[in-house]
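Heads up, the thing below is written out as structure tokens.
Reminder, nothing fancy here: chain letters follow the sequence lines and each chain counts from 1. The shown structure was predicted, so the numbers you read here are calculated from the model rather than taken from an experiment.
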Number of protein chains: 2
Amino acid sequence: MEPKEILKNKGIKITKGRTEILSILKNSENSLSAEKIYQIYKSNNININLSTVYRTLELFEEKEIIEKITLNDGVFSYKLKGKTHRHHLECDICHKEVEIPCPMLQIQELVQNATGFTLTDHDLVMKGVCKDCKKKQ
Amino acid sequence: MEPKEILKNKGIKITKGRTEILSILKNSENSLSAEKIYQIYKSNNININLSTVYRTLELFEEKEIIEKITLNDGVFSYKLKGKTHRHHLECDICHKEVEIPCPMLQIQELVQNATGFTLTDHDLVMKGVCKDCKKKQ
DNA sequence: ATGTATGCAAAGTATTTGCACAATC
DNA sequence: GATTGTGCAAATACTTTGCATACAT
């Protein structure tokens, strides 16, 4: 889907900045920081302000177009939301269940940074104890 | 093992600040931010400077006593290193292998923040493609 | 006694915000 | 034309650093 179409579907007013930032994100395999997006934007000889970049990213995140993750460098990075699946997590003790969005996006980035490997698939099973049962232990 | 003993083993000069910060970390189940450690420290009616806290944490991280992770609030948190295992990652194409430290510590904290669940165990299998093979694709 | 740790103040980096002007629908 | 977006400058939040003094070995 075209960037403009995506914006329209989400009820976001179309501006040059938003369209451009969205296509920068679409064209990137890795997550990008606000600063990096700003650099790429400017390298196309168009002007934009860094705070506009931040505001746009904030908006995209609210509208669930992108995901904000933090790598281990203390900088936020942003990445288009893919088909996001969820994981079940069941308390070992009382068997209460919760669902969480798959946390692997973050791991993918960490692994890519550390090793250069691009993750293509994963299988993650987690075991845990819920807050209430933890207290009673 | 006692905080002072740990410091001694690692060849770190023993000071009141270091000993205290280490025992704060030992007594906490969750990861703690520098600011939180600072608050706890002062709530014991002892004085310390926030930059000393940061410097101490940096030292502990270098000496591999603690691990620095970042949650989704943009603040670094620190946690005692447990028995850290590693994961194998094999390239789907050329079968080259790399090892990475388990990236789940960060995820554990994220899950705990989001759901209250304390993870007790996990099984993580990852598949991926190395940088070189990725390029050739 | 020597080398290292700490407190303090100031700088650095990433991100957010207020306001006036500009662009979109 | 009304509403919303953007640039600019300043503010904020977290972390790091330089320097003089204090402490541990």
Given side chains that start at C-beta, do those of A/L32 and A/I40 come closer than 4.5 Å, heavy atoms only? yes

Could you walk me through whether A/D123 and B/D123 pass side-chain contact (heavy atoms from CB on, under 4.5 Å), step by step? CA-CA 8 Å; A/D123 183 13; B/D123 183 12; 5.7 Å; no

Could you list the residues that satisfy salt bridge (charged side-chain N to carboxylate O under 4.0 Å, His left out) with B/E5, not counting sequence neighbours? none

Round to the nearest Å and state the distance from B/N47 atom CG to C/dG7 atom P. 8 Å

Using only side-chain N and O atoms of A/N49, determine if any of them is under 4.0 Å from OP1 or OP2 of D/dC8. yes

In whole angstrom, what separates A/F76's CZ from D/dT15's P? 11 Å

Should side-chain heavy atoms under 4.5 Å link Ile, Leu, Val, Met, Phe, Trp and Tyr, which residues sit in the same cluster as A/L124? A/L89, A/V98, A/I100, A/M104, A/I107, A/V111, A/F117, A/L119, A/M126, B/I69, B/L71, B/L89, B/V98, B/I100, B/M104, B/L105, B/I107, B/L110, B/V111, B/F117, B/L119, B/L124, B/M126

Could you tell me which residues satisfy salt bridge (charged side-chain N to carboxylate O under 4.0 Å, His left out) with B/K4, sequence neighbours excluded, listed by chain and number? none

With sequence neighbours left out, what residues match B/D92 under side chain to side chain donor-acceptor pair (under 3.5 Å)? A/T120

For a quick test of reading the model: is some side-chain N or O of A/Y54 closer than 4.0 Å to OP1 or OP2 of C/dT15? yes

Rounding to a whole Å, what distance do you find between A/I21:CD1 and D/dT6:C1'? 11 Å

Between C/dA22 atom C1' and A/R18 atom CZ, what is the distance in whole Å? 14 Å

I need the residues from residues 27-46 of chain B with at least one non-hydrogen atom less than 4.0 Å from DNA chain D; give them sorted by number, or say none. none

From CG of B/L59 across to C1' of D/dT17 the rounded distance in Å is 16 Å

Just jot down the side-chain contact (heavy atoms from CB on, under 4.5 Å) partners of B/H95, sequence neighbours excluded, or say none. B/E90

List for me each residue that meets salt bridge (charged side-chain N to carboxylate O under 4.0 Å, His left out) alongside A/K68, sequence neighbours excluded, and say none if there are none. none

Given atom CG of B/N72 and atom C1' of C/dA14, what is their separation to the nearest angstrom? 16 Å

Salt bridge (charged side-chain N to carboxylate O under 4.0 Å, His left out) pairs, two or more places apart, involving residues 104-116 of chain A: A/K79-A/E109

If a protein heavy atom is under 4.0 Å from the base, mark B; if only from the sugar-phosphate, S; if neither, -; do that for nucleotides 18-25 of chain D going 5' to 3'. B-----SS

According to side chain to side chain donor-acceptor pair (under 3.5 Å), does anything in residues 34-43 of chain A pair up with another residue at least two apart or in another chain? List the pairs. A/E35-A/Q39, A/Y38-A/K42

What is the bend of the helix from C/dA1-D/dT25 to C/dC25-D/dG1 when you compare the axis at one end with the axis at the other, using five pairs each and rounding to 10°? 40°

Whole-Å gap separating P (C/dT16) and CD (A/E62): 11 Å

Who else is in the cluster with A/I93 when I, L, V, M, F, W and Y are joined by side-chain contacts under 4.5 Å? A/V129

From NZ of B/K68 over to C1' of D/dC14, roughly how many Å is that when rounded to an integer? 11 Å

